[in-house]
Each structure stands twice: as C-alpha cells, then as structure tokens.
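So that the names make sense, note that chain A is the first sequence line, chain B the second, and so on, each numbered from 1. No experiment lies behind these values; they were computed from the predicted model shown.
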Amino acid sequence: MTRFIVMRLLTIVPIMFGVSFFVFILAHLAPGDVTTTLTGPYATEETREQIRESLGLNEPLPVQYGKWLSHILQGEFGKSIANRRMVAELIFPKFANSAILALTSAAMAYVIGLFAGIFAASRPYGYFDRFTIAGTLMFGSIPPYWFGLLLVLLFSLTWRWLPATGMTKIVGGGGPIDVILHLILPTIAAGAAPAAIIARTVRATMLEILSQNYIKVARAKGIRRGVILRKHALRNALPPIATICGLQLGYLLGGVLFVEVIFAWPGIGYQLWQAIQARDIPTIQGASLIIAVAFVLVNLAVDVFNAYTDPKIRISEGVRSR
Amino acid sequence: MTDAPSLHGESLRQRSAAELRRENLHIMWRTLTLAWHAYAKDKAAVGALIFLVIVVLIAILAPWISPHDPTEAVGTRGGLPGTDGLVLGGDMDGRDMLSRLFWGGRVSLLIGVVPTVAATAIAVVLGLFAGYVGGWVDQVVMRVLDVFFAFPLVLLAIVIAGILDPGVATLILSITVALVPYISRLVRTTTVSVKQEPYIEAARAGGATTPTILARYVLPNMLAPVIVYSTTLIGLMMVVGSGLSFLGLGIQPPDADWGTMVSDGRAVLKKAPHATAFPGFVIVIVSLAFSFVGDGLRDALDPRARVR
Amino acid sequence: MFRSLRTVALAGAVTVAGASLALGALDTKSAKAEQGGTLIWSIPAAMSLFDPPQSCGWLTKNATHMIFDGLVELELGKPEKGWATLRPALAESWTVSEDGMTYTFNLRKGVKFHDGTPFNAEVAKWNYDRFSNPDAPQYNEVANAYLNFYARWIASTRVVDEHTFEIVLTQPHYEWLQIGQSSCGQPEMISPTAWEIHGDQDIALHPVGTGPFKFVEREIDVMVVLERNDDYYGEPAKLDYMVYRQITDPATRIAALRAGEINMVTEPTWDEIENLVDEGFQLLLQPNVPSVWYAAFNMQHPALQDVRVRKAINMAIDREGVAREVLRGTGKAEHGMLSAGTFAYDPDYNPYPYDPEGAKALLEEAGYGDGLELTFEIFDYGWNEAWEKWMQRDLKKVGIDLKLNKLEWMTYLGKWLQGMPETVAMNSMGWGWSVPYWTAHATRCDHHPPNGINGGWYCNEAVDALYQQAIQTKDQAEATKLYREANRIIMEEDVAFVPVFSYHNPIILAPNVKGFVNGQENWYDYTLPWVEE
C-alpha cells in the first residue's frame, strides 16, 4: 500500500508536466496576446515587435516552455506579465480562499447528499424517497447565478442576517467570525449541485447493493434494517460514493467560478478567469498547476480510501504492487 | 493429424457462432422488452419521459407554434405576464418570453444532452478499458485524464471559439472535453469493483471472451451509477453552457437558451422577476425530468432490480 | 486606523489571505463635519499597472490620477461646463511660445513625493525621458508604446532651472498638452528614488507619487486601497480612505450597494436605476462625457464599397430609440464622430434622421432590395449587447440581416487592433478624448493597423489635411470649424462610421456620500467627496 501511494505521488510529476504543457499550448493558441494590452492602442507595430522580443514571446514555443519549466523546477512560478506580482504570491492566497469555500461546501454536500441518499434508498419509491431526491435535485439544478442572487435577496437584503459579498467586511471587518458569516451563502450556493449529485449516486448505489443476494440472505436471517443498511449495504456501496465525493471536492477546489463571481469571493477560479482574460500566461500556468495538484491529491486520497475500505480492491492492488 | 476432427471442430465453431448471434439477438430483445416493462412500472419515470418528449417536440416545432418571433420586440420591456397579450410577459428587450422559451429549448437541450451523451460514451470506453485491463494501462489512461481534470474550461472554450468562431459547436466541444475525466473516473472505479466479483471469474473460467465479459457482465453492472451521474449532469451543463455564452464564447445574440435567459434577467430580479423565474423554472423541471428518466433507466437496465 | 489582516486563524490552522484587507474601527473621527469617511466603489473589471506611463484604461486612471500628478490636470469639479479644461497641477503655470512649439512650465516649489523625494525640473525631465528618450537609462519601451500619441510630438525636453521645465514640439500643436490627459498612457510623475529602489519592473507595485492620496495596498483582482495624503500641496482630500473593490457582476454590485457593503456603483443596470433612486440612492449623470459609441464600417467589405449602403445603414438606425428605450435616459443619440465633452462638438448635427423608408429605397437602388447579410463584430461589455441588438432589429426592418459576433474582450481587442478582414462589415467601440483630435486617431490614413486603430481602413487625404491644420490653429473657434468640416466629410461624403450614442456615465451613490462630482470624463476627482458616518 505504501508503495502504491508513493508510486501515485510520483505520477504527480508527469501530470504537472502534461498540464503545464497543454495549458501552455492552449494559452498560446488563444487569440490576442498579452502585448495587445501591454502596448496600448497607439503603439506602432515596430514597438509591439520590440516588446514581444524583450518579453521573450518571439522565441520558439519549445524554448519558451523550456525556460518556464526550468524555473518551475527551481520552485519559481515566475512573475505575472499583467500586474508584475509574483505568481506564487498571487495564486496561493486565492487558492486558500477557494479551499476554504470548497471544504465547507463539500462538507455540506456530503452531509446532505449522504443522508438524503441513504434515507431515500431505505424506503425506495415511496413519497419520502421522491420528495428527498426531487428536493435536493431542485436546489442542485437551479442556475447558480440565480440561486446565489436569490439567497442574497432573502438573507442579506430582506432579512439582513448575512453579508452579501466578499470574504470580510471592508470597514472594521476581519477575524474568524466575520469570515464564517461571509462563508454561509456562498457555501450553500456552491454546495447545492454537489449535494444533489451525491444524493442521487448514494441512492442508486445503495439500491443496487440492497438488491444483491447477500442482503436478501441477511434480511431473511432477520437482521434489522438499520444494521443491514449500515454494516452491509453502505460498506459495499462506498467505492462509487467515495469516487463521486472526491470528484465533487476536486470540482469545488478548482474554484467555483459562478459562485465566486456572484459573491465576489476572491478565489482561484476567478483569478484564473481574470488571468485568462488578460492572457497572462505565467499566472494561467501557475493557477492551472495548483488546481491540478489539488485534483490529483484528492483523487489519490479517494483511491487509497477505496483500497482500504473495499476488500476486493485491496487484494488486487496488493497483487499488483508485489 | 487427420482432417476429420479439425473439419468437425470448425463447423462446430461456425454453428455455435451463428447460434450465439441468434441467441444474443433474442436475449437483447428480451432484455429490451423486460426493461421497458420494468421502466413502465415506475410512474415518475414514465411521466418524466412523456414530459421530456413534449419538451423536445416543442423545441422542434418552435418555428410553427411560437406566437411571436423570439428576436422581435413585441411588448413593453420587462412587461409582466399577461401584459401586451403575452402569456408569460416580455423580457428586458420586450421580446415574448413564451416564444423565447420555445426556441431556447433547441439550444439548451442540445448543449445539455449532446456533450453529456458524447462524454459518457467516451468515458465508458476509456474507463472500462482502464479499469478492466488494469496495470500500467490503467495508470496511463487515468493519469492522462488527471491532466484533463485541471484544464481550465474557459481557456479551452476561448481557444476553440478562436479557431471555430464562437457558437454552439464551441460549447459542445469544450463541455464534452471537460466532462470526460469526471465520468471516466466513475466508470473505472465501478469497473475495478465489478471485475473482482466471483461471477466474472466464473465466466472467464467458462471460456467467455473479454468482449463478452465486458458487454454482458461488467457493463450492465457499471451502468447504474454512470446513468444516474450523467443524467444529473444534463441539467448542470445547460447552466454551464450559458455561463460560457455570457463570456461571449457561445450562443450569439439575439438567440437565446434558457441558461442565458436566466443570466440576462438576473440583474433585474426585483423589477422583472419573471424574466429569470420562467427559464430558471424550466431548467429545474427539465433537469428533474432527466434525473427521473435516469432513475427509471437504471432500474430497467438492472436485472436484479427488474426481479423485484 | 488601518489594519492589514494578512492571516486570520480560522478553525485552527487555515489561513485566510486574499480578503486580507480590513479597516479597523476608524478612531480618527474628524472634528469637521464635511470631512472623512471611506468611499468604496465597485469597479467592474481589473485595473492595469500602477505606473502611470505604463498604465492603460479608464478604471486605472481613477486610482493613478489620485496617487500621481502630471504637470497639468483636468478640472473635473465643474460638471456644468460643456467640456473639461486644464488646470495647474505640478506646474503652477505654463506658457506656449508664439510659434506654438515651445511649452514652458513654471513648477510648483516645495512639493515632495510620498516618500519624501523633492519634486523639481530634473525629476520632471527624468519622467519625460522615461517614455520619450530611448537613450535614457530609465527609458521604458512599454511606456513609450502607450504614450506614443503624446511622445511622438516631442522634439526635446530641457531643464531651464530648478523650477522651470521646457518641452519643444516637432510642430505647432495646440491640443498636445490636453492630449496627455487621456487614460491609456499617462505622463504623470513617479518618484525616481522609488524607481531606484524597486526597479523598472516592480515600481508598478510600489506607486509613489505626489497626489492627494497615498497608496496603501493592492490585492490583485480584489481591491485597491488609498489613504488621504495630509501633506498634499493643493486642497487636501476630504475622504480618509478610497477603496476600489472589484465586483464583476452587475447584479452583485447592486446587491452589495443595497446591503451597504459599498457606497458607489458605476455601470448600474439601466432598468434598476429608477428603483434605486426610489430607495433613496443618489443618481449622478454627466451629459458631456467625451466618448462616442460607434460602429466602424469596413471600407474594404464588398457590399460596403457602395456608399449608398453605408448611408442606408445610417438612416435605418433609430438612435433616439436607443437612447430612450435601451439606455433609459443614461445616454443620448449621437450623429457625428465628434464627441460631446470636446470644444468642437456640435449638438445639433444630424445628417441622418431616422428614415427606414429612405434607407430601403437606397438599398434597392444599390441592388440589395432582396436583402443583405452583414457581420458585426462586438465585444462583451456587460451591457447585454443592448444597443447592438437594437441595431440588428432596426436593420432587419430594411432587409439587412446583421449577424452579431460577440467576442470575449481580449479576443476582440486583438482582432480590433489588426483591422477588419473582408468578411467583417462592422465592428464596435466606445471611445474619445477631452479634445477633438481623438477623431484623427480613428480616421487618419497613417493610422491603419498595425500602426493605429483605424481598423475600417478609411482614408481621405483631405480629412487628414484638415486635422493637420486644426491642431496648428490656436483659436478654438477656428479649429472647431475645421473639425466640423472633417466630420462632415467623414459622415456625409465618405460615410465611414455609424455613431450611435454617447453615454452619460450614471453613478449611483449611497445617501451618505456627499460632495461627489460626476466630471466630464470617465474618471473622477476623489478629493471632493466625503462620507458621513
């Protein structure tokens, strides 16, 4: 198992390489380049050419990429072309902000999704099942820019309970309580869709397992419903559920752009979007990389979790790693 | 070696292949009828399916059944439902909401369904392959997909829009690429889990070929979570598509899809709540319907659930 | 007191940065009533660099012209005037020689940068050399590229004595000084000491000027904070702090305003303005903003080669309808390329009153009676393409199928700067300066891409000659005649553009914001307002 984890951690390197390479190519394929804004509308083509030259944008792409790579290998993300800030300074705080929102949203989605899914599956096709699933789905499929605004309209503007935008108050703000208050509405908006997806997956997987023969045997033996659900069904349903939960966390960690925009939450998704709009390649690269690392780590965690909880997978991984 | 046994063996194989085909066809037909019977038992799924058929019909027939031109101002700006003879009112450009909803369905259904189906198809192939073959193949496929996980969708869309010109094709392509890694991971996990089941080993011992095992045993058992997941995504993708349109990467004005209608109306929530509420409601209901159809399908395709 | 909140312990170990700025309780309560407070404005997009000559954009200018000063500046505190004029800033006074080529500035004495560096003629020359003298060690090519429109006229600069600075132009140009008062490339003074310390690249992160506000902090894509400079040489600002908070979404901006989290909004959704006013928010409009929103014809487009088609399109647009129905009173119809807010503007000019029938007849004559399909490239400005859609509908009525091609901003800008290919019939822009010479930028023959922004490939030597004559004319009444003649040729003989409207820059303020002035530009004088607690 340790070997499995180490091997997987090592794969992060080629993945980083792949991500940065493809993002690099894409960023160069995108129409318009950073000199469009760096030189302004009155510049002559001559000056534009000079500036491209001095920024190294005229060098062949492999050379540019190689340079960037050698810097990254020394732990340097480089400097933003658009605003001159060190990319690391720019993206790590933003990623931390996104991570906070992602973790609270994921926590909300897990709790709601698991409970709703299990309860729905315990009395399938009944009113409770339909109501629970339809309820989570409805909140999950409301377009987030509408849902977010409705939340603001109710909780911030009508009842004045919660702040509408940002991460802290501008005047006299700061501190954990202020942040938590600002977190509530974005968390609900960001967590709704993952909650719905998890609830449905949990319900489906549980139903699948509950129709297996060993569950029928257990039931025939007179084991109580709750025990069957907990001990037999849930345990076997874990791999797909864990996978979905991991995918949702990964998705949230990438920065939930719509939610970040509606709540003016200073996250990595928004930062990446702004960098893309400015064709600020070092920042695009850095932000994509950090998101990629997060994805890979979450996926790795899920695989490890699955290997530990699913005896069948454990054996096979064990065999493979020998 | 004599000729006779080998000849005999060959004809036997031929016969059994032909038989197998017949048998397969028969099983397929039986499975389908059984599945339909099972599906028909789920009233919510049937209702959802009928609803979706109606929605699709409306979208197809939009040019003939829309009361007005969806791009033409026919009423007052943001007119509430009932004003100017418009059943659902007008949007902020004075265009008929009802006609726009009818026409919007064309784009919304397209960007909801096509990328999801395409991505699911690709993901099933990739995930099955990786999960079933295992070993380094699994590692390579899944790590390559990890690379795609981190792809910024907006950047991808900008590039595609730059090459193809912004439009529905841009949306469909970018969303498909973005979806594949998500569904693939689910397929792969389930495949790995199913692969270990004793009945797979039994089938293999019984001489079943890999394609047969995949098609007959692994695929049906893996479909449940995948269908459920994919059908949930359809509604979400209608919204993601509108987000890209909003950035100037998708649907071009004055055309509209439901998501864009919601996003256009969000700035006037107080003044013209109906401009967001109707398309938003349609998205929610259609997403729900897709999910119920997905649940029905899952049950119908699952042999054990059918027995129930 | 200002408290920079770099880390906040949340749930034990998670650090919160990004939201790093939080102002502590303002314990410096002022004794005077008409003074103090924090103005928080929601800016709709990212700002550019905080290094004036390397900085571009209306938004950025809103902050940079508060931190930095130029030799002169626009008077933006007299909103009732038809156009903004120059007033002294770091130069107490200035004279222009008889031939219109030598500008002599008498610099203000005793002015210090925020870091204590004294300002004098040496510093002025150092700053001008930075964008105009390739041999100077501080020369910056990006700055030169931005300020090309200004620096190209400079022949030489000279320190006459400690407090006298002289600039000689290559030719007489009476608008030159005011041309410098635009937002893309700003000839304002930075502290050479700060430049020495931080270097040419990083100086943008450490803005040190002489202005009424001092830079406090900038969180990229989140917010910028300035505080009052109490040692300012002029009338000091009233506000304690000025905060520019980036909020991209229009609905979110309004929500934040209603929730009291910000107290100033620009680019409000037009349909919400009425409601906001009813709720007690203040609305400020400025009828003389020097910019015009227009569509440029591609003179190389096959169908548009025929002047009748271009005329017909101009006749088919109901501009009054745009102002009334789309802009809801936040703008007015424009019929010429000379924009309001400049001395040459003619408010009564209207060569093409709305005439769809006439347009149809002209199109028929040109052989397009059966219809015509044209592509109009536009960009996402957060206005839901409202006026472009209006044009599309108006043109449909005369048989022109206008295909809108909405592009993401940078994609658009890249294409716009390259000029239109034959497949594109028109593209859109909204721009202008506080002097009429801006029109020349959009129309001169030598401004065809890639050497300028004349992306519709318009060229008329006679018009260029008129511009050349106009900038050498000292008397503004005479210059006005020349500009109007140029505009007449562009609009009536050559028909190279479809000017549509000018925007009145609606600003929404919380009830407790006092003294704010919506000046005749896209940036404002933040020394004037204060916020009541």
When rounded to the nearest 0.5 angstrom, what distance separates [atom1] in [X] from [atom2] in [Y]?
X      : Y      : atom1 : atom2 : value
A:I170 : C:I262 : CD1   : CD1   : 9.5 Å
A:Q274 : C:Q246 : CD    : CD    : 5.0 Å
C:E408 : A:I276 : CD    : CD1   : 9.0 Å
C:D221 : A:T283 : CG    : OG1   : 9.0 Å
A:L157 : C:L257 : CG    : CG    : 10.0 Å

Checklist entry - Side chain, backbone, both or neither: which part of A:I262 has a non-hydrogen atom closer than 4.5 Å to chain C? => result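 Answer is both: backbone and side chain atoms of A:I262 are under 4.5 Å from chain C.
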Next on the checklist: With a 4.5 angstrom heavy-atom cut-off, is it the side chain or the backbone of A:V261 that approaches chain C, or both, or neither?
Outcome noted: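 It is both, since atoms from each part get that close.
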Next on the checklist: Using a 4.5 angstrom heavy-atom cutoff, name the option from A:L149, A:D178, A:V152, A:L153 with the most pairs to chain C.
Outcome noted: A:L149
Next on the checklist: Suppose we screen for salt bridge (Lys or Arg N to Asp or Glu O under 4.0 Å). Which residues come up paired with C:D51, at least two apart in sequence or across chains?
Outcome noted: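 Partners of C:D51 under the salt bridge (Lys or Arg N to Asp or Glu O under 4.0 Å) test: C:R130.
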Taking every non-hydrogen atom, the tightest pair across [X] and [Y]:
X      : Y      : result
C:R258 : A:R160 : O-NH2, 3.0 Å
C:R245 : A:A264 : NH2-CB, 3.9 Å
C:A259 : A:A164 : CB-CB, 4.0 Å

Next on the checklist: How about CZ on A:F139, more than 12 heavy atoms from neighbouring residues, nucleotides or ligands closer than 6.0 Å, or not?
Outcome noted: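 For A:F139, atom CZ is not crowded (no more than 12 foreign heavy atoms under 6.0 Å).
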Item to check | Greater than 12 external heavy atoms within 6.0 Å of C:Y139's OH | outcome: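 Yes, OH of C:Y139 has more than 12 neighbouring heavy atoms, counting only those of other groups under 6.0 Å.
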Is any side-chain heavy atom of [X] less than 4.5 Å from a side-chain heavy atom of [Y]?
X      : Y      : result
C:L413 : A:R279 : no
A:Y270 : C:T248 : yes
A:K94  : C:V222 : yes
A:K169 : C:E261 : no
C:I220 : A:E89  : no
A:I51  : C:V142 : yes
A:R84  : C:I203 : no

Checklist entry - Heavy-atom distance under 4.5 Å to chain A: side chain of C:A204, backbone, both or neither? => result side chain
Checklist entry - Given that the side chain runs from C-beta out, which part of C:Q54 has a heavy atom under 4.5 Å from chain A: side chain, backbone, both or neither? => result side chain
Next on the checklist: Between C:T252 (side chain only) and A:F263 (backbone N and O only), is there a donor and an acceptor less than 3.5 Å apart?
Outcome noted: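 No.
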Item to check | Test side-chain contact (heavy atoms from CB on, under 4.5 Å) applied to C:P44 - qualifying residues, sequence neighbours left out | outcome: C:L59, C:R253, C:T266, C:E267
